[in-house]
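Predicted model, so just to flag it, every value in this text is computed and none were measured.
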Amino acid sequence: MIPRGTISKVGKYYMTSPEYTKDIFRAFKEFFDKPNLEVDRSIHLEEDEEPLFNEWLTYDFRFADGKSMLDKYYTENPDSIPEYRRKIYKSLLENHYGLFEVLEVRKFVGLSIKRLEDGKVFDVSEISATMDLDKGDIFVTRVGKVIDHYELIGCDTQVIKVSQSRNEEQKRFYMETVFSKVKMKTPKDTIKFFRNYSGF
């Protein structure tokens with residue numbers, strides 16, 4: 001499993017470095033669609049927004065030089081991490097975001113999941129999510145390459161418990177008409193989706 005603190009140290013470096021203050025402020029404006037936000041105005045983050053913002057900032061936001069935070073951290077190596085430990089950041093540059101369907105649950109071992117947008121299937125190493133997910137459930141996540149295997153590297157989001165619905169017609173409607181059409185490219189889309197999703 002990915003070592004604790006691997007990702008958080010990336011955000012900590014850029015969020016606390018004065019030279020990146022303008023970039024981080026621009027990230028806030030972009031994520032919350034507030035182009036006229038002034039520097040001295042504070043932003044109130046809802047409990048479910050902060051982890052999504054942090055994930056978006058790490059993987060999807062682009063700094064002034066066009067690089068993502070993760071890419072900058074790997075290529076510039078500001079914390080002088082030795083190469084044998086840096087390779088995890090390089091592998092994490094391969095990551096896939098979206099709405100996923102659970103195909104198989106292997107308790108305490110992992111999951112087989114399919115991204116609904118393109119049908120791409122991943123076998124991921126995972127422990128905690130195998131306790132809450134069941135075959136057929138739908139959830140938003142980010143799958144990342146961790147050296148030689150895949151893991152769930154996105155923040156926790158609401159699980160749509162399709163597995164618990166007894167209404168087959170309704171399940172089919174959601175799978176064919178709703179979930180298959182949802183454009184889920186980044187955590188910004190996740191916030192919009194769950195603000196409007198009414199559930200089963």
Side-chain angles (χ1 to χ4, degrees), residues 1-8 11 31 46-60 68 70 88-200:
M1 302 304 269
I2 189 168
R4 183 184 297 273
T6 298
I7 303 301
S8 61
F31 188 79
E46 297 294 337
E47 186 177 345
D48 62 341
E49 292 177 336
E50 186 171 359
L52 288 166
F53 171 72
N54 289 335
E55 180 182 344
W56 176 82
L57 183 63
T58 303
Y59 298 99
D60 303 307
S68 69
L70 190 65
I88 193 170
Y89 295 104
K90 184 177 183 180
S91 68
L92 284 168
L93 291 172
E94 180 192 332
N95 60 82
H96 310 266
Y97 194 80
L99 200 58
F100 288 81
E101 177 185 3
V102 179
L103 302 179
E104 181 186 2
V105 178
R106 298 178 295 279
K107 294 290 185 185
F108 306 110
V109 176
L111 302 163
S112 291
I113 57 177
K114 178 176 72 174
R115 188 162 64 171
L116 297 181
E117 177 186 342
D118 55 12
K120 188 171 178 61
V121 175
F122 297 88
D123 287 316
V124 297
S125 295
E126 174 64 22
I127 296 176
S128 62
T130 65
M131 302 299 293
D132 301 316
L133 294 170
D134 295 294
K135 182 178 179 179
D137 288 344
I138 305 293
F139 70 120
V140 178
T141 194
R142 188 181 301 267
V143 174
K145 186 81 173 287
V146 182
I147 308 299
D148 60 356
H149 64 280
Y150 290 104
E151 293 184 23
L152 302 184
I153 59 172
C155 65
D156 292 338
T157 60
Q158 180 180 340
V159 175
I160 303 169
K161 297 296 289 183
V162 178
S163 61
Q164 294 180 359
S165 174
R166 291 189 174 89
N167 188 328
E168 291 300 322
E169 185 177 333
Q170 188 180 48
K171 284 168 64 172
R172 188 166 53 253
F173 169 79
Y174 271 89
M175 292 301 293
E176 295 175 359
T177 309
V178 180
F179 301 140
S180 64
K181 304 290 192 297
V182 172
K183 299 299 181 188
M184 196 71 71
K185 300 292 187 183
T186 77
K188 288 182 69 172
D189 300 316
T190 301
I191 287 181
K192 292 175 185 175
F193 177 76
F194 282 111
R195 291 287 185 272
N196 297 311
Y197 172 70
S198 58
F200 284 106

May I ask you to say whether Arg172 pairs ionically with Glu169, meaning some side-chain N is under 4.0 Å from a carboxylate O?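 Here Arg172 does not pair with Glu169 in a salt bridge, since their nearest N and O are not under 4.0 Å apart.
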
Would one find more than 12 heavy atoms of other residues, nucleotides or ligands at under 6.0 Å from atom [atom1] of [X]?
| X | atom1 | value |
| --- | --- | --- |
| Glu104 | CD | yes |
| Arg195 | CZ | yes |
| Asp156 | CG | no |
| Lys188 | NZ | yes |

Any side-chain heavy atom of [X] sitting closer than 4.5 Å to one from [Y]?
| X | Y | value |
| --- | --- | --- |
| Ile160 | Tyr174 | no |
| Leu116 | Ile138 | yes |
| Gln158 | Phe139 | no |
| Ser112 | Asp123 | yes |
| Val178 | Phe173 | yes |
| Val102 | Ser163 | no |
| Thr157 | Thr190 | yes |
| Tyr89 | Thr6 | yes |

Side chain to side chain contact (heavy atoms under 4.5 Å, CB included) between Ile2 and Ile88, worked out: CA-CA 8 Å; Ile2 189 168; Ile88 193 170; 3.8 Å; yes

Show your reasoning for whether side chain to side chain contact (heavy atoms under 4.5 Å, CB included) applies to Phe194 and Asp48. CA-CA 10 Å; Phe194 282 111; Asp48 62 341; over 6 Å; no

Please list all pairs meeting ring-ring contact (aromatic ring centres under 6.0 Å, His included) that have one or both residues in residues 95-115, counting only residues at least two apart or in different chains.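 Pairs touching residues 95-115 that pass the test: His96-Phe122.
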
Apply the side chain to side chain contact (heavy atoms under 4.5 Å, CB included) test between Tyr59 and each candidate in Ile7, Leu93, Asn54; give the one that qualifies. Ile7

Locate the shortest heavy-atom distance separating Val124 from Leu152; write the atom from each residue and the value. CG2-CD2, 4.0 Å

Of all the heavy-atom pairs spanning Lys135 and Val105, show the shortest one and how long it is. N-CG2, 4.1 Å

Between Ser165 (side chain only) and Val162 (backbone N and O only), is there a donor and an acceptor less than 3.5 Å apart?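 Side chain of Ser165 to backbone of Val162: no pair is present.
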
Show, in sequence, the C-alpha distance, side-chain angles and deciding distance for Arg142 and Leu92, and conclude whether the side chain to side chain contact (heavy atoms under 4.5 Å, CB included) test is met. CA-CA 11 Å; Arg142 188 181 301 267; Leu92 284 168; over 6 Å; no

Go through the steps for Leu111 and Thr130 under the test side chain to side chain contact (heavy atoms under 4.5 Å, CB included), then give the verdict. CA-CA 7 Å; Leu111 302 163; Thr130 65; 4.0 Å; yes

How are the rings of Trp56 and Phe31 set to each other: parallel, tilted or perpendicular (split at 30° and 60°)? tilted

Among Lys185, Lys183, Lys181, which residue satisfies the side chain to side chain donor-acceptor pair (under 3.5 Å) criterion with Glu117? Lys185

